[in-house]
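Just below is one structure, and these are the notes that go with it.
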Amino acid sequence: MSRYNFRETEAKWQAIWEERGTFRPRVDPDRQKYYVLEMFPYPSGRLHIGHARNYTIGDVVARYKKACGFNVMHPMGWDAFGLPAENAAMANKVHPADWTYENIRVMRGQLQLLGLSYDWSRELATCDPDYYKHEQRMFLEFLEAGLAYRKESWVNWDPVENTVLANEQVIDGRGWRSGAAVERRKLTQWFLRITEFADDLLESIRTLERWPDRVRLMQENWIGRSVGARMSFKVEGRDERLVVFTTRPDTIFGASFCAIAADHPLAESLARNDSDMAGFIAECRKLGTSEEAIETAEKRGYDTGLNAVHPFEPDRRLPIYIANFVLMEYGTGAIFGCPAHDQRDLDFARKYGLSVRPVLWPPGLKVLSDAEAEALPAGERARFDRDPVQTLADGRSVFHVGNTAYDDTSLAEYDYDLGDLTEEVRLSVNRAKDIAVAALADRDAGEAAITYRLRDWGVSRQRYWGCPIPVMYREDGTMVPVPYDQLPVELPKDIDFDAPGNPLENHPTWKYTTCPHTGQKAVRETDTFDTFLESSWYFARFCSPQAGTAFDSDAVGYWLPVDQYIGGIEHAVLHLLYSRFFMRALQRCGYPVGKEPFAGLMTQGMVCHETYQGPDGGWLFPEEVEHRDGRLIRIADGAPVTVGRLEKMSKSRKNVIGLESVVDAYGSDTGRLVLLSDSPPERDLEWTESGLEGAWRYVNRLWRLVDEPALELPPPGTPAPAEFPAAALDLRRKVHQTLQAVGEDFEGFRFNKAVARVRELSGLIADFTGTGTGSESAWALREALEALVIMAGPMMPHLGEELWERLGHTVLLADTPWPVVDAALTVEDRVTIAVQVNGKLRATLDLPRDMPKDEAEQAALADPGVVRALGGKAVRKVIVVPNRIVNVVA
RNA sequence: GCCCCCUUGGCGGAAUCUGGUAGACGCAACGGACUUAAAAUCCGUUUUCCGGAAGGAAGUGCCGGUUCGAGUCCGGCAGGGGGCACCA
């Protein structure tokens, strides 16, 4: 019995693909293009088998689309700037560049082991000055276009590492690496004006039809459009006005206070003469931004002593507080508080004894005054703390706000009347909002406004291993962009990681320069860009990776957008939103790109593995443990091992399976098959040794099926016989049905189903081999085996090529088109029809296809099983669904 | 708190879009063949219950609805997962 030698075979075909340039497409306007891309990796060390899932999925799509006749581009590169390189530099005394390029070398070799259909001639690394010089130019153009700016803002500051941390690098209020409590610090930072495109980014999500709904929803929520009003209050005794944003202008009559953020300019100016107030503001700033801190933080306020004047009732005064729950970064940094209809405002009002005045409630209820509510028995009164709507013991349905705000926005009854603009009762909340806005506008006290949750993108990082921001600051304080002809501003190589802080800041000479216009002394910007900038345009650079400018118009015009992008859900917002913004910004600056970078998106699930812990609680690698006498033990000393839960493969838990260990023992095709067959791609997948063995069994079964065919096959290209024996015809039908279905499965990323169908067909072919005779059967067998190999090809490309060659072909499988499906064969001429009696299955009938309804009905009623189930009862009605089911109702 | 998704055998999953034979395909398990033995390979069984069999009953998290017919559609509940979050 022959056994598949994957070692030789995989190396052989990888060399042939490379040598023939099988996967190196050129721009060809006569052919339809297809651009497949997997999110490029950060070169952090070694890939494990979990990483391979992403690349395998992309490879199946790329190879399948190529077989379908598309001009396929499938590139790969390296997201090469980032913090881990600096950590390694500090820990191991190795230069970040050396560490990065060594990792790239190792990981490139690992990817090549997998036999992925990459065009390696397009490879790029973002830390290469030839790459980032274009980014520096883009930034300067953004600056000219007003899309980049510098401002002071509050940031997460890690006092141990002396750097800003991104929000996602702050875990429970502490730096993810140092463990130090993060401080809020005001720093001058560079920002990209992503909010400029907030509306377009939101609106265009609708056009991304081949994105998962989940991701579209997450971006919608992230952008967070809120429709409401900006209102301006007179401040008693002062010239300035207080501007607030609200989504509920209809509740303005219920306002009982105003509150401003601790960082609000008004608060800052008042605090200059009030040390108590300044102390309160400082405390607010200390408050952590972690989830936990926010949840447990008490609503606190500081009365400024100022009052705002109610726009509709000039006699009413609303005290202005500084409040710790108002954010300067959202809206105008100021609110009006309407306790009856907002829970936070209610908590605040109860704490500071402010009035609670409901202005709307569900229609038909009696509203209890505070005095009336007080008069109720304590137990009944307390019920209002949970729900403002209650039915009292005497049967009355009443409304009174206790400690739960009424924020329902269904049909409402309002207690106020904005003149001839309104009916006084039973308004829809949306209509009431419009009326309130119109009334505010009449009094010159407000206008409709839209606010987004989205904030501008802070891109400054106090790090070395990133793209330098190409500006300098003259002695007189003026910011000067580095002239285009002086780009790139390269990172210095000689750096010292022993001193704390940013090595660029500490470098003895690098930052000192002169103004190109005046010759004055100047210092360079020592911050570098957030590494998300590099990943915001790399997919476009792949179109023309050697071009002297960032993009070659013809290449970009032909290849973009990416037709199919594949990556993890963790980038649902960050990278995918930044890239959408970047394309818009580039387009505005005249670059030849469209506004949507990724026409299709698929987010694959994680690869998980059991975790193992020794008696001391330390994590163990899977290869450190084994089953012995039904127990799991540590190989080294026989100590018992605890099996932990299934978790994403990660170095920290040690539940990783090395990519080489799989490829060495079973070959890359077997590993790829496991990654494709065990779960739908968007769901998590559990990696198991038995799954791998099962895939290996199939690889060999397929090998033997083709390598030792039961009949002597006619040469390739032999014309089809005119007639086939029944068994051969049945096989041909199944072959064409499977080709059709597997093609559809590939289109829809249903690789697990494609594998199931291919395995099913393999079983049928194996059975056929034993029974068929004659040249017609041999021809049908060749057709079936070829179809099998073609379908397996995108998933197991080395095995596919080898079998294709053994079938006598000289053209590569990778260059072989997907077969034309014979539509006449995909339709069965007989169908199995289920027969139900009163909805329960009683028989199945094998009938000719498209049998007239009355004949099918007769056949069903004649079936002995049906007769038995009817038990002599009269048939009341028969429902016949052609080619599917007959339901007899008795 | 707001928004979204999921729940099918011992396990991964199919059938869900478009209501029409629930459990494809695989893993694991059990039984068997081959072998001195093992590995490899092959064959069979495998939702549960009753039955020797033929056959029958129940069954897709729970409760209810629509329908000749519901895993699939609608309403409610429970459990699990995810996103956002002092966002006014």
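As the structure is a prediction and not an experimental result, all values here were calculated from the model. Chain letters run A, B, ... following the sequence lines, proteins first, then strands; residues in each count from 1.
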Is A:Asp684 salt-bridged to A:Lys648, cutoff N-O under 4.0 Å?
no
Applying salt bridge (Lys or Arg N to Asp or Glu O under 4.0 Å) as the test, list every pair that has at least one member in residues 733-742 of chain A; sequence neighbours left out.
A:Asp730-A:Arg733, A:Arg733-A:Asp829
Categorize A:Thr832 for me: base, sugar-phosphate, or nothing, with a 4.0 angstrom heavy-atom threshold over every strand shown.
base
Checking base pairs now: Watson-Crick or wobble, both atom distances under 3.5 Å. What partners B:rG1?
B:rC84
May I ask you to say whether A:Asp846 pairs ionically with A:Arg830, meaning some side-chain N is under 4.0 Å from a carboxylate O?
yes
Treating primed atoms plus P, OP1 and OP2 as sugar-phosphate and everything else as base, which nucleotides of nucleotides 42-49 of chain B get B, S or - for protein heavy atoms under 4.0 Å?
S-------
Excluding sequence neighbours, so at least two apart, what forms side-chain hydrogen bond (donor to acceptor under 3.5 Å, both in side chains) with A:Gln858?
none
State which residues pass salt bridge (Lys or Arg N to Asp or Glu O under 4.0 Å) with A:Arg580; sequence neighbours excluded, sorted by chain then number.
A:Glu596
Ignoring hydrogens and geometry beyond distance, is a side-chain donor-acceptor pair present between A:Tyr698 and A:Ser677 at under 3.5 Å?
no
Sugar-phosphate means primed atoms, P, OP1 and OP2; the rest is base. With that split, encode nucleotides 51-61 of chain B 5' to 3' as B, S or - using protein heavy atoms under 4.0 Å.
----SSSS---
Close N/O contacts between protein and nucleotides 66-68 of chain B (under 3.5 Å):
unit_1 : atom_1 : unit_2   : atom_2 : d
B:rC68 : O2'    : A:Asn887 : ND2    : 3.3
B:rC68 : O2     : A:Asn887 : ND2    : 2.6

So which of residues 676-684 of chain A are in contact with RNA chain B, with a heavy-atom cut-off of under 4.0 Å?
A:Asp678, A:Ser679, A:Pro680, A:Arg683
List every contact pair, protein side and nucleotides 32-34 of chain B side both N or O, where the distance is under 3.5 Å.
none

For A:Asn883, check side chain to side chain contact (heavy atoms under 4.5 Å, CB included) against everything at least two apart and list the hits.
A:Val831, A:Arg849, A:Asp850
For A:Phe6 together with A:Trp696, are the ring centres under 6.0 Å from each other?
yes
Taking the minimum atom-to-atom distance to the side chain of A:Arg455, which one of B:rG13, B:rA88, B:rC87 wins?
B:rC87
From CA spacing to verdict: ring pair (Phe, Tyr, Trp, His ring centres under 6.0 Å), A:Tyr352, A:Phe257:
CA-CA 10 Å; A:Tyr352 292 101; A:Phe257 66 96; 8.8 Å; no
With a 3.5 Å limit on both atom pairs, tell me what B:rA29 is paired to, counting Watson-Crick and G-U wobble, or say none.
B:rU45
Look at the side chain of A:Val326 and decide which nucleotide, out of B:rA88, B:rC86, B:rA14, has an atom nearest to it.
B:rA88
A:Phe191: partners by ring-ring contact (aromatic ring centres under 6.0 Å, His included), with sequence neighbours left out
A:Tyr149
Residues passing the side-chain hydrogen bond (donor to acceptor under 3.5 Å, both in side chains) test with A:Glu855, sequence neighbours excluded, are none
Consider only side-chain N and O atoms of A:Thr195 and A:Asp456, and report whether a donor and an acceptor are under 3.5 Å apart.
yes
Of all residues at least two apart in sequence or in a different chain, which pass the side chain to side chain contact (heavy atoms under 4.5 Å, CB included) check with A:Pro311?
A:Met231, A:Phe233, A:Ile252, A:Leu440, A:Ala445
